[in-house]
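The structure is given below, and queries will be raised subsequently.
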2 protein chains.
Amino acid sequence: MAHRSEDVMRRTPARADALRNREKLLDVARTLYAQKGAEVTLNGLAKQAGFGVGTVYRHFPTREVLLEAVIADRFDALQALAEELLAGPDPGGPGLRRWLDVLLDNLTEYRGLPASTLAAMHDETSHLYQSCHGMRAAAARLLRAAQDDGTIREDLDVSTLLKLSNAVALVTEQTGRAAKELLPFLYEGITPRS
Amino acid sequence: MAHRSEDVMRRTPARADALRNREKLLDVARTLYAQKGAEVTLNGLAKQAGFGVGTVYRHFPTREVLLEAVIADRFDALQALAEELLAGPDPGGPGLRRWLDVLLDNLTEYRGLPASTLAAMHDETSHLYQSCHGMRAAAARLLRAAQDDGTIREDLDVSTLLKLSNAVALVTEQTGRAAKELLPFLYEGITPRS
DNA sequence: ACCTGAACACCGTTCAAGT
DNA sequence: ACCTGAACACCGTTCAAGT
């Protein structure tokens with residue numbers, strides 16, 4: 001009965017200063033990501049932010065967790081966009097394509113983001129799983145609308161669609177320049193035959 | 001006129017013992033790759049093979065170069081297969097699909113292979129560029145045959161085709177399980193409309 | 001020509017000691 | 001409850017010294 005309360009739920013610091021420190025760390029991390037891609041080091045972050053290393057590790061026990069914290073709100077924004085498009089005038093094929101474009105832009109903004117996204121999709125223990133799940137659900141409804149439209153193949157599910165998008169993003173990441181030339185073939189592949 | 005001979009052409013050691021050492025290192029490296037993916041360390045390789053670190057660095061100045069040396073012959077094998085298929089009974093669509101299947105198997109064997117492949121394709125300074133280029137040329141002829149067949153879209157070039165394949169391989173790499181479910185959409189995307 | 005291994009600057013990670 | 005920073009094992013990389 002007596003549940004050991006400390007084991008789970010380690011998300012928000014209890015003390016006000018700790019919460020401020022966490023915000024500050026995220027702020028510096030965002031700047032570092034923008035500067036040097038995903039080559040952000042936990043030691044480097046500590047030095048840059050003027051904290052002890054242990055403090056960084058208390059908030060973000062691993063590099064992955066840090067990246068996840070930084071990009072979680074992006075997923076939330078994508079979810080919001082999907083719902084917005086669903087309520088808009090073109091919830092079908094056009095809406096989905098618009099959403100995929102924005103998704104691609106987001107995925108290619110930070111190096112390492114597609115890898116984290118794919119990991120989050122398949123690992124329920126990931127801290128990113130929640131945001132990712134919400135986004136996926138919204139994307140599923142958008143996909144459903146496009147399929148009712150007849151503009152997207154019936155045998156395509158959200159997971160596969162997201163994997164395909166991340167595939168394009170991964171190539172973009174590796175080749176440097178944007179791999180937008182892959183998109184036509186992606187779109188062609190998910191469109192039904194006459 | 002007097003060309004400084006040491007600058008380029010650093011491929012094959014001049015002394016017999018050095019060449020044996022190089023072979024030995026490659027052998028151990030292959031074993032390590034098979035065991036623990038691409039998490040092979042140059043220091044670790046030195047220790048495992050019983051050489052000084054400097055020796056490893058003399059032969060393989062970076063982790064990339066080592067991986068490239070290990071996988072160069074795979075590219076050669078893929079080139080050979082392409083030429084074999086071209087000379088075979090079904091050089092068109094079936095030949096290309098067969099080749100793509102083998103390509104995918106190769107790309108997903110070692111973690112980190114798709115990334116190196118994509119890098120090699122776009123970086124002429126890469127040591128892998130030669131092998132990659134030969135493979136690409138053979139693949140181009142195979143693609144050409146399939147296009148003459150009418151089974152593959154005319155507006156698809158080899159670079160894009162290889163990028164698409166690597167995209168699938170990258171997702172497979174990230175998700176752990178094979179992403180073969182992406183293949184139908186890939187094939188659909190590169191097939192011409194009625 | 002080639003090999004060795006100590007040396008350096010870095011990384012992730014832990015943990016006793018402080019407030 | 002939280003923060004600190006020294007400490008440890010590791011990594012990539014270099015280079016004087018040996019054969």
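Lettering follows sequence order; numbering is per chain, from 1.
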Quiz item: Would you say the side-chain atoms of B/Ser131 and B/Arg74 include a donor-acceptor pair closer than 3.5 Å?
Solution: no

Exercise. For nucleotides 13-19 of chain C, just jot down a letter per nucleotide in 5' to 3' order: B, S or -, based on protein non-hydrogen atoms under 4.0 Å.
Key: BBB----

Quiz item: Taking CD from A/Glu39 and C1' from D/dG12, how many angstroms apart are they, rounded to a whole number?
Solution: 15 Å

Quiz item: What is the distance, rounded to the nearest whole Å, between atom CG of A/Leu19 and atom C1' of D/dA1?
Solution: 13 Å

Exercise. Write down the distance between NZ (B/Lys47) and C1' (C/dT4), rounded to a whole number of angstrom.
Key: 15 Å

Practice problem: Could you work out which one of D/dC11, C/dC11, C/dC3 sits closest to the side chain of B/Thr41? | Solution: D/dC11

Quiz item: So B/Glu84 and B/Arg98, salt bridge (Lys or Arg N to Asp or Glu O under 4.0 Å) or not? Walk me through it.
Solution: CA-CA 12 Å; B/Glu84 186 182 317; B/Arg98 164 91 182 112; over 6 Å; no

Practice problem: Would you kindly give the NZ-to-P distance between B/Lys24 and C/dC3, to the nearest whole Å? | Solution: 14 Å

Practice problem: Could you point out which residue of A/Leu103, A/Asn106, A/Leu107, A/Leu162 forms a side chain to side chain contact (heavy atoms under 4.5 Å, CB included) with A/Thr117? | Solution: A/Leu107

Practice problem: Look at the side chain of A/Trp99 and the backbone N and O of A/Leu78, then say whether any donor-acceptor pair between them is shorter than 3.5 Å. | Solution: yes

Practice problem: Tell me which nucleotide among C/dT4, D/dC3, C/dC2 gets nearest to the side chain of B/Ala18. | Solution: C/dC2

Quiz item: When we call it a touch if two heavy atoms are under 4.0 Å apart, what does B/Thr55 touch: a base, just sugar-phosphate, or nothing?
Solution: base

Quiz item: Between D/dA1 atom P and A/Arg20 atom CZ, what is the distance in whole Å?
Solution: 18 Å

Practice problem: Find the distance A/Phe60:CZ to C/dC11:P and express it as a whole number of Å. | Solution: 18 Å

Exercise. Counting Watson-Crick and G-U wobble pairs whose two distances are both under 3.5 Å, find the runs of 3 or more in a row that involve DNA chain C.
Key: C:4-8 with D:12-16, C:12-16 with D:4-8

Quiz item: Does the B/Gln48 side chain pair with the main chain of B/Val28, one donor and one acceptor, at a distance under 3.5 Å?
Solution: no

Practice problem: Inspect the contact between B/Arg63 and B/Glu68 and indicate whether a charged nitrogen and a carboxylate oxygen are less than 4.0 angstrom apart. | Solution: no

Quiz item: Can you check whether B/Val171's main-chain N or O pairs, donor with acceptor, with B/Thr175's side chain at less than 3.5 Å?
Solution: yes

Quiz item: Are B/His59 and C/dC2 close enough that a side-chain N or O sits under 4.0 Å from OP1 or OP2?
Solution: no

Exercise. Verify the contact: side-chain N or O of A/Asn21 to OP1 or OP2 of D/dC3, cut-off strictly under 4.0 Å; return yes or no.
Key: yes

Quiz item: Under 6.0 Å from the NE2 atom of A/His133, do we count more than 12 heavy atoms belonging to anything else shown?
Solution: no

Exercise. Please report, rounded to the nearest Å, how far the C1' atom of C/dA1 is from the CZ atom of B/Arg22.
Key: 16 Å

Exercise. Mind calculating the distance between CG (B/Leu45) and C1' (C/dC3) to the nearest angstrom?
Key: 15 Å

Quiz item: Do A/Thr151 and A/Arg97 have side-chain N/O donor and acceptor atoms under 3.5 Å apart?
Solution: no

